[in-house]
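Remarks on the structure that follows.
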Amino acid sequence: MSRSITQGLAAWLAAGETRIGELVVLGQYELRHHLDAGAGPNAPLASYPLPEAARDIALYDAGGNYRPLKTAPTLRRGWRLTLSTIGQLHEALDFFYPAMLAARFAFQQGRLAVTPLRDTLNRQSGMYAVTRKITDPQADALIGSFCRSEGGSPGCLKTILWPIAPGLPVASLSPEKFDPYSSRTGIPLLCAEACNLLVARVREAVKQSPAP
Ligand code: SF4
């Protein structure tokens, strides 16, 4: 499977999909923050030859704050990874955006399972069981602020594939947020199920709601 994904990555790059999230792939195979794409050879970018450097770069933002959500638009600049093989590039991208190439590959093959938010919340237990009590309008507003691409708290670059419930789409974000092909030059980051951070935020919202 991993080898097939690497082959898929090679095909996506050959088709011109050189952007993924905040990253850009230049040639074979240099990886940078896309805002550093135009920096010349003498630019003060820290250079790393191995994919493992991506793990450390992705850990903290430019202000030194831990990044709990790897797809938040907070990746720091000022570095380049000069990798030798497509396999190393695959590895580095998995450090920056865990499981995202695999999700894209599964989506392309029509076998990416998508879970509505209600199903995710209904199977929560213990201290998270209370998340089932969130109303649909509350959930919609929360997703609109928490998952939006342009920042917020914390903001997220993923394309949302799930509805609140079957037949009830999220209405608080623009249509591009739900379109994996809204950027023709990039490998999309796909959200097939609400993450733990959103579930935790739902819990906070329910706890803060006045009792009925
Ligand atoms: S639920 Fe999905 S889109 Fe929203 S913040 Fe989590 S990973 Fe990003």
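Keep in mind that this is a model prediction, so the values were computed, not measured. Whatever order the structure lists ligands and atoms in, that order sets their numbers, starting from 1.
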key: Atoms in ligand 1 flagged as close to Ala194, the criterion being non-hydrogen separation under 4.0 Å   =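 Reading through ligand 1 atom by atom, the close ones are 1 (S).
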inquiry  = Aromatic contact between Phe96 and Trp79, with the criterion being ring centroids under 6.0 Å apart: yes or no?
reply    =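 For Phe96 and Trp79, the ring centres are under 6.0 Å apart.
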Can you check whether [Y]'s main-chain N or O pairs, donor with acceptor, with [X]'s side chain at less than 3.5 Å?
X: Ser172; Y: Gly144; answer: yes
X: Arg19; Y: Gly21; answer: yes
X: Arg104; Y: Leu189; answer: no

message = Quick check with a 6.0 Å cut-off and a 45 degree axis cone: is Arg203 positioned over the face of Tyr128's six-membered ring?
response =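 Yes - Arg203 lies over the ring of Tyr128, closer than 6.0 Å to its centre and within 45° of its axis.
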query = Side-chain heavy atoms under 4.5 angstrom apart, residues restricted to Ile, Leu, Val, Met, Phe, Trp, Tyr: same cluster for Leu35 and Leu157?
reply =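 Each belongs to a different hydrophobic cluster.
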key: Protein N, O or S within less than 2.8 Å of atom 8 (Fe) of ligand 1, waters excluded   =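 Counting only protein N, O or S atoms under 2.8 Å from atom 8 (Fe) of ligand 1, the list reads Cys156 SG.
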